[in-house]
Amino acid sequence: MRDVIVAANWKMNTTPADAGELARTIASRTAEPGVVRVICPPYVSLAAVRDAVVGEGIAVGAQNIHHELAGAYTGEVSAPMLAGLATWVILGHSERRRDAAESDALIGRKLGRAVEAGLRPILCVGEQLVERESGRAQDVVASQLAGALAGHDADTLLAAGIVIAYEPVWAIGTGRTASGADAAAMADAIRATLRSSGWGPRADAVPVLYGGSCTSATIGEFLAEPGIDGALVGGASLKPDEMAGMVARAALTAAARRAAS
Ligand code: PEP
């Protein structure tokens, strides 16, 4: 049975002074059984969030890592530096692909660093609007996956708990969402790509999240799809009410899956 996951990407929001309080509030409002909750604050707020959620069953994640372990990389943070601060990491977010020109090959190197450091990776993929409108969405995502996963061993990534987040770029922060059916079709395509790249039936064990303007009002459409295992949430994850609604809905899916298994 795959994990049901709600992961909060706080992006470049919060300070160490306010992140702990926000995390504490979210923790107290989302204490639902069966849902894996992850909060990914900015690096400087990792310690505050870690301390705030001790004993709450919430995991803490980083939003990025560097592809090298140490050295002359001003302003960067490597995977081993996150020891004791984070247990998850978001990789290949479209904002980093856009702003830091991250390529699939570079994201693949980061994936290796994450796994070596024992971080659970959330690998983000997703097409631009023009690519969807021209019918190339699934090809684009398949190519992103192939590029990032090249050279990685399926068993190693599975043991690391890899999660794929399907985040159509045109839905991120725009208030537009994909339809549940389109997201489910992409989740199928993602697992088909894995299956045909040597993963075989192990592809079915990989959680696929939807991301893109997800809210408490829309998450149900995605969680109603058996192939979707939760959400990676940006803007709405800064709002405790929204987090409470999304995790409550995710808990229904988790309970239904438990009952069916
Ligand atoms: C994200 O940043 O991963 C994201 C999905 O953002 P938003 O929910 O704000 O669209």
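Note that ligands are numbered from 1 as they come in the structure, with each ligand's atoms numbered from 1 the same way. Numbering of residues begins at 1 and proceeds along the displayed sequence. Fair warning: this is a prediction, and the values are worked out from it, not measured in the lab.
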#### Entry: Check: Thr174 N/O within less than 3.5 Å of ligand 1 N/O
no

### Query
Can you tell me if Ser213 has a non-hydrogen atom under 4.0 Å from ligand 1?
yes

### Summary
dist Asp104:CG -> Arg97:CZ (nearest 0.5 Å) comes out at 5.0 Å

### Message
Need the ligand 1 atom indices (1-based, order shown) with element for anything under 4.0 Å from a heavy-atom of Asn9.
### Response
1 (C), 2 (O), 3 (O)

### Message
Same cluster or not: Ile107 versus Leu157, using hydrophobic residues (I, L, V, M, F, W, Y) connected whenever any side-chain heavy atoms lie under 4.5 Å apart?
### Response
yes

### Query
With a 3.5 Å cut-off and no angle check, do the side chains of Thr253 and Arg249 form a donor-acceptor pair?
yes

### Query
By number and element, which atoms of ligand 1 are closer than 4.0 Å to a non-hydrogen atom of Ala171?
10 (O)

### Query
Using the ring of each side chain (for Trp, its six-membered ring), is Tyr73 parallel, tilted or perpendicular to His66, with breaks at 30° and 60°?
tilted

### Message
Salt bridge check, Arg29 against Asp241: does any charged N sit closer than 4.0 Å to a carboxylate O?
### Response
yes

#### Entry: ligand 1 atoms in contact with Glu167 (distance to a heavy atom under 4.0 Å)
1 (C), 3 (O), 4 (C), 5 (C)

### Contact with ligand 1 for Ala165, non-hydrogen, under 4.0 angstrom
no

### Query
Can we say Arg113 and Glu116 salt-bridge, meaning some charged N sits less than 4.0 Å from an Asp/Glu carboxylate O?
yes

### Query
Is Lys11 atom NZ crowded by more than 12 heavy atoms from other residues, nucleotides or ligands, each under 6.0 Å away?
yes

### Task
Please state which part of Leu232 comes within less than 4.0 Å of ligand 1, counting heavy atoms only: side chain, backbone, both or neither.
both

### Message
Are any of the N/O atoms on Glu95, whether in the backbone or the side chain, positioned under 3.5 angstrom from an N/O atom of ligand 1?
### Response
no

### Task
Could you tell me whether some N/O pair between Gly212 and ligand 1 is separated by less than 3.5 angstrom?
no

### Task
Just jot down the ligand 1 atoms closer than 4.0 angstrom to any heavy atom of His93, in number order.
1 (C), 2 (O), 3 (O)

#### Entry: Identity of the nearest option to atom 10 (O) of ligand 1, non-hydrogen atoms only, from Gly234, Gly173, Ala8
Gly173

### Query
What are the atoms of ligand 1, with element, lying closer than 4.0 Å to any heavy atom of Gly235?
7 (P), 8 (O), 9 (O)

### Query
Do NZ/NE/NH1/NH2 and the carboxylate oxygens of Arg109 and Glu68 come within less than 4.0 Å?
yes

### Message
Please classify the Ser237 to ligand 1 contact at 4.0 Å (heavy-atom distances, strictly less than): side chain, backbone, both or neither.
### Response
neither

### Query
Between Arg191 and Asp229, is the closest basic N to carboxylate O distance under 4.0 Å?
yes

